[in-house]
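Taking it in order: structure first as structure tokens, then the write-up.
None of the values given here were measured: they were computed from a predicted structure. Just so you know, these numbers use all the heavy atoms, side chains as well, and skip hydrogens, waters and symmetry mates.
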Amino acid sequence: MSSALAALEKVISDYFDALYHCDTDLLQQVFHARAIYATADETPLLYRTMAEYVPVVAARQSPASRGEERRDVIDEIQFAGENTAFARVRCSIGSNDFTDFLTFVRDEGRWQIMAKIFEIRPRTEGVT
């Protein structure tokens, strides 16, 4: 496995951990400070900066504290070059399943999420 791929997988693992535990310190490490967060599943289109998104996560009850089963999957990772990558990942929070399109940049040698665009699907019990 290439070192770039291993580094990116570590960032994605930290991303899943941050969401599962509502760990805003870790969340701010995996996201670039100027990253965007958006979905078209809400009307109007939901768009947040990191300054807007982090307090939302901080106010949540964490899936870990509710004893929720972890459902984290990396579907795909693609590299566009030495400093740009994309990942399609899936995770669950509460009664919703999410598909996240994460765009990464490597800035000063460190991979971070620059954009998170996601889709929300209510989970049907017993279906993964």
Side-chain angles (χ1 to χ4, degrees):
M1 176 184 314
S2 76
S3 62
L5 181 58
L8 203 54
E9 287 178 339
K10 171 68 171 123
V11 173
I12 295 169
S13 177
D14 287 348
Y15 166 74
F16 287 145
D17 287 346
L19 292 178
Y20 187 71
H21 296 283
C22 293
D23 183 337
T24 56
D25 290 334
L26 186 55
L27 194 70
Q28 290 176 88
Q29 289 175 34
V30 299
F31 277 92
H32 191 279
R34 297 181 68 191
I36 64 162
Y37 167 98
T39 185
D41 284 349
E42 296 186 19
T43 304
L45 174 90
L46 175 65
Y47 166 86
R48 290 187 173 132
T49 64
M50 286 302 97
E52 296 165 326
Y53 176 51
V54 171
V56 170
V57 174
R60 288 182 188 154
Q61 182 183 9
S62 74
S65 71
R66 295 190 301 256
E68 288 183 21
E69 178 183 347
R70 296 262 320 236
R71 298 174 188 221
D72 309 331
V73 178
I74 299 172
D75 289 325
E76 173 183 13
I77 296 174
Q78 296 179 15
F79 288 88
E82 291 184 18
N83 298 306
T84 308
F86 162 83
R88 184 180 70 228
V89 303
R90 290 177 287 133
C91 65
S92 299
I93 297 173
S95 61
N96 293 312
D97 292 326
F98 296 85
T99 299
D100 299 342
F101 294 105
L102 305 175
T103 304
F104 294 83
V105 294
R106 188 164 58 178
D107 186 23
E108 298 181 9
R110 185 169 154 230
W111 288 103
Q112 291 182 294
I113 300 167
M114 187 55 124
K116 171 183 175 171
I117 313 298
F118 64 97
E119 177 186 36
I120 307 166
R121 288 179 324 282
R123 184 176 324 111
T124 304
E125 290 304 315
V127 176
T128 58

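With Tyr15 as the fixed residue, the side-chain hydrogen bond (donor to acceptor under 3.5 Å, both in side chains) test singles out one of Gln112, Lys10, Lys116: Lys116.
With salt bridges taken as basic N to acidic carboxylate O contacts below 4.0 Å, none links Glu108 and Arg110. At a threshold of 4.0 Å, the pair Asp17-Arg70 counts as salt-bridged, since one of the basic side-chain nitrogens sits closer than that to a carboxylate oxygen.
A pairwise comparison of heavy atoms in Asp41 and Ile120 identifies OD2-N, 2.5 Å as the closest pair. Contact record, Asn96 with Pro122: OD1-CA, 3.5 Å, taken as the closest heavy-atom pair. Between Arg106 and Glu82, the shortest heavy-atom contact is NH2-O, 2.7 Å. Listed here is the closest heavy atom pair of Leu26 and Ala18: CD2-N, 3.8 Å. Nearest heavy atom pair, residue Ala35 against residue Ile113, reads CB-O, 3.4 Å. Taking every heavy atom of both residues into account, Gly67 and Tyr20 meet most closely at C-OH, 4.4 Å.
The line from CG of Asp14 to CG of Leu19 is 11.0 Å long, rounded to the nearest 0.5 Å. Distance check: Ile12 CD1 to Leu102 CG gives 6.5 Å after rounding to the nearest 0.5 Å. If you take CD1 on Ile74 and OG on Ser13, they are separated by 7.5 Å, rounding to the nearest 0.5 Å. Residue Thr84 holds its OG1 atom at 10.5 Å from CZ of Phe79, rounded to the nearest 0.5 Å.
Grouping the Ile, Leu, Val, Met, Phe, Trp and Tyr side chains by contacts below 4.5 angstrom, directly or via other members, places Val11 with Val54. The hydrophobic cluster containing Ile77 also contains Val30, counting ILVMFWY residues as joined when their side-chain heavy atoms lie under 4.5 angstrom apart, directly or transitively. Cluster membership for Phe101 and Phe98, using ILVMFWY side-chain heavy atoms within less than 4.5 angstrom, is not shared. Cluster annotation: Phe16 and Leu5 are assigned to the same hydrophobic cluster (Ile/Leu/Val/Met/Phe/Trp/Tyr, side-chain heavy-atom contacts under 4.5 Å, transitive).
Within 6.0 Å of atom CD in Glu76, more than 12 heavy atoms from other residues, nucleotides or ligands are found, so the atom counts as buried in its surroundings. Other residues, nucleotides and ligands contribute more than 12 heavy atoms inside 6.0 Å of the CZ atom of Arg121.
With sequence neighbours excluded, the residues satisfying ring pair (Phe, Tyr, Trp, His ring centres under 6.0 Å) with Tyr53 are Phe31, Tyr37.
Here the side chain of Arg90 pairs no donor or acceptor atom with the backbone of Asp72 at under 3.5 angstrom. Judged by distance alone, the side chain of Arg66 and the main-chain N or O of Gln61 form a donor-acceptor pair under 3.5 Å. A donor-acceptor contact shorter than 3.5 Å links the side chain of His32 to the backbone of Arg34. With Glu68 contributing its side chain and Gly94 its backbone, the two residues share a donor-acceptor pair below 3.5 Å. Judged by distance alone, the side chain of Ser62 and the main-chain N or O of Cys22 form no donor-acceptor pair under 3.5 Å. Here the side chain of Asp100 pairs no donor or acceptor atom with the backbone of Phe118 at under 3.5 angstrom.
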Trace of the side-chain contact (heavy atoms from CB on, under 4.5 Å) decision for Ile117 with Thr39: CA-CA 6 Å; Ile117 313 298; Thr39 185; 6.0 Å; no
Residues 45-52, side-chain donor-acceptor partners within the protein, below 3.5 Å, at least two apart:
{"unit_1": "Thr49", "atom_1": "OG1", "unit_2": "Ala51", "atom_2": "N", "d": "3.4"}
{"unit_1": "Thr49", "atom_1": "OG1", "unit_2": "Glu52", "atom_2": "N", "d": "3.3"}
{"unit_1": "Thr49", "atom_1": "OG1", "unit_2": "Glu52", "atom_2": "OE1", "d": "3.4"}
{"unit_1": "Glu52", "atom_1": "OE1", "unit_2": "Thr49", "atom_2": "N", "d": "2.8"}

